[in-house]
Structures are given as structure tokens and as C-alpha cells.
Amino acid sequence: MLEGRRISYEDDGAPTDCPPKAGETRTRRRTLMMGIRETHSKSEQQTQPDEKSPEKQQIDVETLRKRSRQEYLMMREKKKLEQLINDVEDQEYLFQGVDLTSEQRLKRQICDLVGKKIDCSKEYRIPESYDGNRRKGFDAALQRYTDPDPDPAWEEHQFGKAIMKHQKKNCDYEFVFEHQIDSVKTELIDSGDRIEEESPLPELENEKKNLPIYAYKEQLMKAVDDHQVLVIVGETGSGKTIQIPQFLDEAGYTRRGMIGCTQPRRVAAMSVAARVAREKGVKLGNEVGYSIRFEDRTSQKTVLKYMTDGRLLHEFRQQLRKEPILASYSVIMVDEAHERTVNTDILFSLLKDVTRARPDFKLIISSATLDAIKFSDYFDSAPIFTIPGRKFPVEILYTRAPEPDYLAAAVATALQIHATEEAGDGDILVFLTGQEEIEAAEVIVSEKIRKVGTKMAELIICPIYANLPSEVQARVFDPTPKGARKLVLATNIAETSLTIDGIKYVVDCGFAKMKSYSPRVGMESLVVEPITRASANQRAGRSGRTGPGKCFRLYTAYTFANELDENIVPEIQRTNLGNVVLTLKSLGVDDLLHFDFMDPPPAEALVKALELLYALGALNKRGELTRVGEVMSEFPLDPMLSKMIVASEKYGCCDEIISISCMLSVGNSIFCRPKGKEILADNARRSFHMGDVGDHIALLNVYNFWKDNNFSSQWCYENYVQGRSMRRARDIRDQLERLVARAGIPLLSNVNDLDAIKKAIASGFFPHSARLQKHGDGYVTVKHKQNACIHPSSGLAEVCPRWVMYHELVLTTKEFMRQVTQLKPEWLLEVAPHYYKVEEVGI
DNA sequence: GAGCACTGC
């Protein structure tokens, strides 16, 4: 997106924007606005006082000033001309055949007189969208910060302009040209979120009746009565999640069974259930309950049950042999269906089957976006019921021209808002793509703020992203002090997962990081991509929660309308399907290629997943689930991790293996590396790796040391380990311990035989083996012949054993293997004789 | 010698 577009700025701050001309190159023009002060100070810096006399120095300074002024004027002339030419071309392109105004004709004449075009080679630095070429996509993402021609003056100017506008009287900025992020107000949308969420108890009844959904209660109940499947489109804020299950309860559906409502996130399931319990005046866990991983707050009495989608999927598996399926439910409502998580996608098909088997069963699919027609088509033309949301209007502003550097533009816009809108009337939320970007923005903003001093109201910068320590995260929820303003710099976490009160202004950069997966080599990467229209509206809605809001989109209205995708690519189409296939097989789905997916995943990915499961012994030659596969499917882990646990029985080291599994499954957020303490953190990390034991054993050491220190937070702090990740690992481990007991695998410990532990790991991870290349330059994976290096964070990065197995292969700046352990090639033949030939392992 | 959006069982 945003490619093939042309931009030009005018000094009156009215840039024009037009579609690209055919054959135009990708070279873009951008005129940088320079201030006189800036030029002067630069020229002054050039006059270094050598050993010359003071008089001579004085003359030199004068000459240099003069020369500098001349250079500046020449440059200015060039730039003005360039603007003029751009302007004329734009006008002529836009109004082809239309008689030009006199002003335009004059401009044209000047251009003709000059008779030449000025070469400008300022390029856009917008990341290219992911186009299937992983390398290119990633390079583009990386390019973002490496400005080929950094120009602080431009940003300086952006900010200066904003200050000027606000404080014209005592302005000490002198700018010749004026430019700021110029936004066009094009629309006013209704968008919002659950406004009613946090209201005090006494007002509940009244407020409930004011909800838009309340007016539709009877129609809605009739629709549910008349149709087995109903698609509900209700913008967030309509109260559907909280009210519909209660309506169904009042209508008597709970007499036939529970009403279940699925959510993609744990927090949502918990908080919504708590809210409904309050509204009904019952104790949470009795009539109203929730069920999520690690926590089941339901009882015999529960009739309204909120749960995560994964949890319902789990119930499907447990109830498989019972008839009829899901007999304890009379209604299931799949909420936030538009998010299209892997779990909801699988549920769609399973629930569709249930509706066919049980005519008394009701299914409600609830979505916030207009892809309802797709849902309706999938469920045999189910009727669509639309509920308006109750929310405050949000004013949407687009840039007139595409912004070449969204980070700079986001910072400039945020500061403009701060300078021009009265402090105290609302906070600012800026959406960026990741931690690095947020940190960069934080540095720039605080620098600017420092320069301005006390001329402006206080601006409190709050970064927020998932990997941020929770203490720092909590700061974002502190109420803003009077007379100050909060500037929240957030990733997508603020789009759905958490809601910050008091936001009135949203700045949307238009990009987000997306995971993509290559089934061929089994490699993952994170790529910056344009967001979808649905996502853009969700972001905008974050500003209209408590009052009318404003959303500044750092892209043009044209881009929004024509270049953004309407909806997200379902996760099932861009992920490793190992677990999905194992789950479906355990649910008795035999023919996966013809399974009724709403959007089928790529066949190649399905085939790769089947091959992997066959290699792991989870499926037999006919593609049926084996005994091993059944046991594996019981574990909430990736198939290779599950296999490792099953195999640990043979090596008598189940205790160690489940510790390693839980550490691996919390991901790569175990260690932290605070700014300025990188070396200390790296040393701490290395200390777990004594004896070059490999990263898996190092993770085991971390867990065991933490446990020996009574699971202490202090210990985490001292060893640069993230307490939150460790507590999560412990929760997972507890769960695994129960599941292992149920599977009848004895919890034996064999901590002194590292080879036994490594063999158990190899039993699951043999497909991820790699050998050092002959000339010592990196590794190549044994099966797919993929070149890769050991990730520098690995304890084995400098050891370079001849054979290794890795947990995952990721593409960042290079292909890296993360979490690596040394391997003896003969183990491959021992644990997977069906997978490796003797020649391959070089024995 | 590098860099991790967000979920979930």
C-alpha cells in the first residue's frame, strides 16, 4: 500500500495528493522544510577557531555567513521551484481538460520559463507490504529506522509549527516555510466500545434499559426462536456480550441447558462474567461463571457460562464419546467471531455439525464487522440481525498526502495535539508496531518536551506493550493529574486486549506486526504490514469511549478506502497447523483436506502437518490417530513438545522434560535485558549454561534454581529473569504434571544423566536437526537443507557443535535457530529410524 | 553478535 503515490507540500500548508501517473518511477519527491535558525546555527558550527587571529576569524565568520546565506537562498529557490512544478503537475493531472485558473496559468508560465525539471530523489521509507517474498518483506521492515538522510530539522519544524500555532505571541521560532502534518476531516463515524462496562451497581438497572440492545430485545428473542442459527452484527458498545445471554435466560432457554458464550481472550471471559454476575446480583461462580485455562469458576448451578474459545474446543474433545454432543448446552454464542482465531474457526465447523444433529440447539455468531454475510453464507444463509452501538461520535482525520515516515509523523501529530488542544480534556493514544519503535518514539518526544520546557502543559509518556514488566504496564492506568496529559504509546495490545480510560485522541500509524509462517521450511517471521479497515475502525473507536473523540490516521482517505484489506487473513491460514491437525484428528475428523473450513488453510501446510504427525508416530500410515497420538493430543502443547513428554517415560526423566516443556512454551520472554545493563544480563544468562549444556538444559536450570529459591521474585530480579513468565511456566508445569499423571507416565527424575534428557528431547525434535557446514560457516538443516545460524542469544552460539537440534527456526535479520542443544547423530537413528537414513546422518 | 504484534489449551 501507499506505493505508487506522489506527494508534494506547499508552503501554505496545503499539500496536494493525486494518484500515480502511469509509468512513473518509485522515486518520490519530498521537500524538506528548513528554518533559518537551523541554517544559521549550522553555518556557525563550521567556523572553527583555529590558530587564526581574532580579526581574521571575524572576517571568516562574516564570509562564511554570507556564503551560507547564499547557499541557503539557492537551495530555497530550488525548493520553491520544485514545489511549483509539483503543484502544477498535480493540478494538471487532477483537472485534465479543465481550464486552469489564472493563478495556475501563471504558475505554468513560470515553469515553462525555467524550462527544466528538478531532480529530487527523496524516497519514501514506508515498509513494503508482505508480498510473499519473505526476505524482501523483512528487509523493508528493517529499513524503517535506517534513514539514509536523517533530517532532524524536519521534525524540529513539525513541532515548532505546533508550538507557534498555540503561542503566537512569545514565539522564538523563525521558520520560513510552514508545514505540519496536515489532516483532512472527511468523516464522522460511530464507533466505540463497551461504554457501560465499569458503571457502579445502583445505576445498573437503569443503564441496562438505556442500552440500544434493550429496544431490540423482543425482536431478537423472536429471531432466536424462529431460527436455529443467527448472525448478530453488533458494534462493541451495543451490550450484546453481556445482555444477550441474560435475555436468553429470561426467555427460558436455561431450562433446557446452559448458555455458553465464547471469547477469544481470558480477561474478557473473566470480566464479562463478573459484570453479568453483578447485574444479576448473584455470586460469581454460581449461576454465572467462567471457565478458562488454570481456572474454572463454574458449579452445578451455573447456567450462564463464559469461556475462552479454546476451552469450548477442549470440552468438545472430552464429550466426544457422549451423545448428543454438547448436551449440557441449549445455546452457544460465539462472540468476537470477526477476530477469526484458529479456535473459533475450528468451532464454526464443529458447531455447524451440532446444529444438524440437534434441532433444539441454538447457535449465535456475533461479530463486530460487516463480514456477517460470510458467516451467514457459511451457516446455510442464516439471518443477520444488526444492533446499533451506543457510543460517542469519532471524528476521523486523514493526512492529505501519504506520510513518508510514520514514526516521525506520529510523534509530530501527537505533539501537535498536545500543543493545540487544551490539556486535561483528554489523553492521547498512539498506535505503533513494536517495542523498538515505541522506545524510539519515547526518546524523541521526551527530547522535544525537554527543549520546550515549561511553556507547555506536562506530558506524561506511557509506553505499553506485552513484554513490558507489569509494574511499568500498570502506570498506563494511573489517572492523569490535573493540567497534565497522558501520551500512551502502544502496540496492538491497546486495540483489543486492554482498554485505557480517558483517551480522546487516537493516532493510528496504519501498520501492525503480523506473524507469517512458511510451511515448506517450517520457519516463522514477524513482518510489518498495513492494518485492515476493521482494525483501523477498532483503533478509532478507542477514542470515543467516554466522550466524542478524534482519530488521526497517518494515511490518506484514498488509502483507507482502496488499499487496505477489509478483514484480517484468518490465523488458520498463516500458522503452523501441527496442533490444529492433531486436535481435529483427536476429534475424529479423518478427511482434513475436505473438512468444512470457512477459509481452508493452504493444502501444503496441511500436508506438512500430517507428515510431521506421522513422523512423530501420532498418526499411522492410513492417517489414523495412534495410541501415542491420543496421549499427545491431551497435552496443551505443540506436537513436538508433547512427543518429547511421551518419550520421556522411556528415559526416566519426565520431571525434567515437563520443566523444559513449560519453559519452552512460555516463549522467548524468560530473560530480560534492561537498557544499560545488557552485559550484566548476558552474564547472568550465561551462568545457567555452565558446561555448555545447551539451551534446553539451561532453561531447566533456570526453573530449578527459581524453585530452589522458593519461586522468589527477588531471585528473578537479581538474575534478570522475568517473574511473570516464570509464574506462567509454573502454572503450565502444574497442569502438565496432572496430565502426565492421567496419561500414566511416572514422574521420574534423572537429572544426572543429561544424555538421557537430550535423547528424550531428540525423540520430539528430531525433525529439527542441523549440522555444521563443512567450511564451518553456519549450519544446514538435515531434512530441508535450509541454511541457518545459531541465534546469538544461545549459549552454544560460540561453541558451534557439529550436530544440533533446535526448538524453532525464525527469520529476522537472518535465519536463526533459537533454543539449541548439542546432538549425537547416532541418536537420530535411535529415536527416528523411520525418518533418517544412515547416509543422512553421516555414520 | 541480535531484537520478540497478540492470543489460547
Side-chain angles (χ1 to χ4, degrees), chain A residues 138 141-142 145 262-269 291-296 307-318 336 339-347 431-440 464-468 490-498 509 511-516 524-529 531 535 538 568 571 574-575 579-580 582-583 586 633-638 641-642 662 665-673 675 678-679 681-682 685 722 725 728 731-732 735-736 738-739 789-794 797-798 808 810-818:
Chain A
F138 192 74
L142 271 188
Y145 301 119
T262 71
Q263 296 289 321
R265 277 170 294 279
R266 295 160 53 89
V267 196
S291 175
I292 57 178
R293 189 184 187 180
F294 310 132
E295 212 181 338
D296 186 355
M307 62 197 128
T308 46
D309 45 15
R311 202 66 185 203
L312 182 62
L313 204 52
H314 190 242
E315 282 189 24
F316 256 102
R317 294 237 309 273
Q318 291 183 326
E336 317 283 355
E339 290 194 27
R340 303 295 306 275
T341 64
V342 170
N343 288 338
T344 36
D345 267 27
I346 298 174
L347 281 176
F431 282 103
L432 295 169
T433 66
Q435 175 177 351
E436 201 185 342
E437 216 165 77
I438 287 173
E439 282 168 359
I464 186 150
Y465 43 87
N467 256 344
L468 200 69
T491 59
N492 253 0
I493 195 171
E495 194 179 300
T496 47
S497 303
L498 54 88
C509 74
F511 291 93
K513 278 190 187 168
M514 294 281 280
K515 193 167 79 179
S516 73
E524 285 185 343
S525 53
L526 271 176
V527 181
V528 175
E529 287 189 69
I531 58 170
S535 185
Q538 176 75 21
I568 195 164
E571 191 188 358
R574 48 185 175 87
T575 191
N579 228 350
V580 173
L582 188 59
T583 305
S586 74
S633 72
E634 291 295 312
F635 294 107
L637 299 168
D638 276 343
L641 288 168
S642 308
C662 71
S665 73
V666 294
N668 42 14
S669 55
I670 301 278
F671 298 99
C672 55
R673 223 173 158 237
K675 266 208 178 100
E678 286 88 350
I679 294 167
D682 288 351
R685 184 174 182 150
Q722 298 230 40
S725 302
R728 188 173 154 73
D731 284 342
I732 297 173
Q735 191 186 23
L736 291 179
R738 286 196 300 275
L739 292 170
C789 294
I790 295 182
H791 196 274
S793 66
S794 164
E798 280 146 34
E808 58 182 357
V810 290
L811 174 68
T812 52
T813 48
K814 272 200 284 196
E815 293 87 356
F816 283 116
M817 298 180 284
R818 266 206 294 240

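Letters go in sequence order (proteins before strands), and every chain restarts at 1.
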5′-ward residue of the pair A:M514/A:P636 relative to DNA chain B: A:M514
So which nucleotide from B:dA2, B:dG8, B:dC4 ends up closest to the side chain of A:T308? B:dG8
Check the pair A:D309 / A:T341 against side-chain hydrogen bond (donor to acceptor under 3.5 Å, both in side chains), numbers first and verdict last. CA-CA 9 Å; A:D309 45 15; A:T341 64; 2.8 Å; yes
Pairing donors with acceptors under 3.5 angstrom, does anything connect the side chains of A:R311 and A:S291? yes
Across the strands shown, which category fits A:I732 at heavy-atom distances under 4.0 angstrom: base, sugar-phosphate, nothing? nothing
Going by salt bridge (charged side-chain N to carboxylate O under 4.0 Å, His left out), name the residues that satisfy it together with A:E678, two or more places apart in sequence or in a different chain. none
Which residue, A:L637 or A:Q435, contacts DNA chain B at a nucleotide closer to its 5' end, judged by nearest heavy atom? A:Q435
When the distance from CD of A:E529 to C1' of B:dC6 is rounded to whole Å, what number comes out? 14 Å
Closest nucleotide among B:dA2, B:dA5, B:dG8 to the A:R673 side chain: B:dA2
Give A:R293 one of three labels, base, sugar-phosphate or nothing, depending on what nucleic acid heavy atoms sit under 4.0 Å from its own. base
Send over the distance from A:Y465 OH to B:dA5 C1', rounded to a whole Å. 13 Å
What does A:F816 touch in the nucleic acid at a heavy-atom separation under 4.0 angstrom: a base, only the sugar-phosphate, or nothing? sugar-phosphate
Residues A:T583 and A:S586: side-chain donor-acceptor under 3.5 angstrom: no
Among B:dG1, B:dT7, B:dG3, find the nucleotide with the atom closest to the side chain of A:T813. B:dG3
Touch class at under 4.0 angstrom, heavy-atom based, for A:D731 against every strand present: nothing
Rounded to whole Å, CG of A:L347 lies from C1' of B:dC9 at a distance of 12 Å
Touch class at under 4.0 angstrom, heavy-atom based, for A:A512 against every strand present: nothing
Tell me the interatomic distance from A:E437, atom CD, to B:dG3, atom C1', rounded to whole angstroms. 14 Å
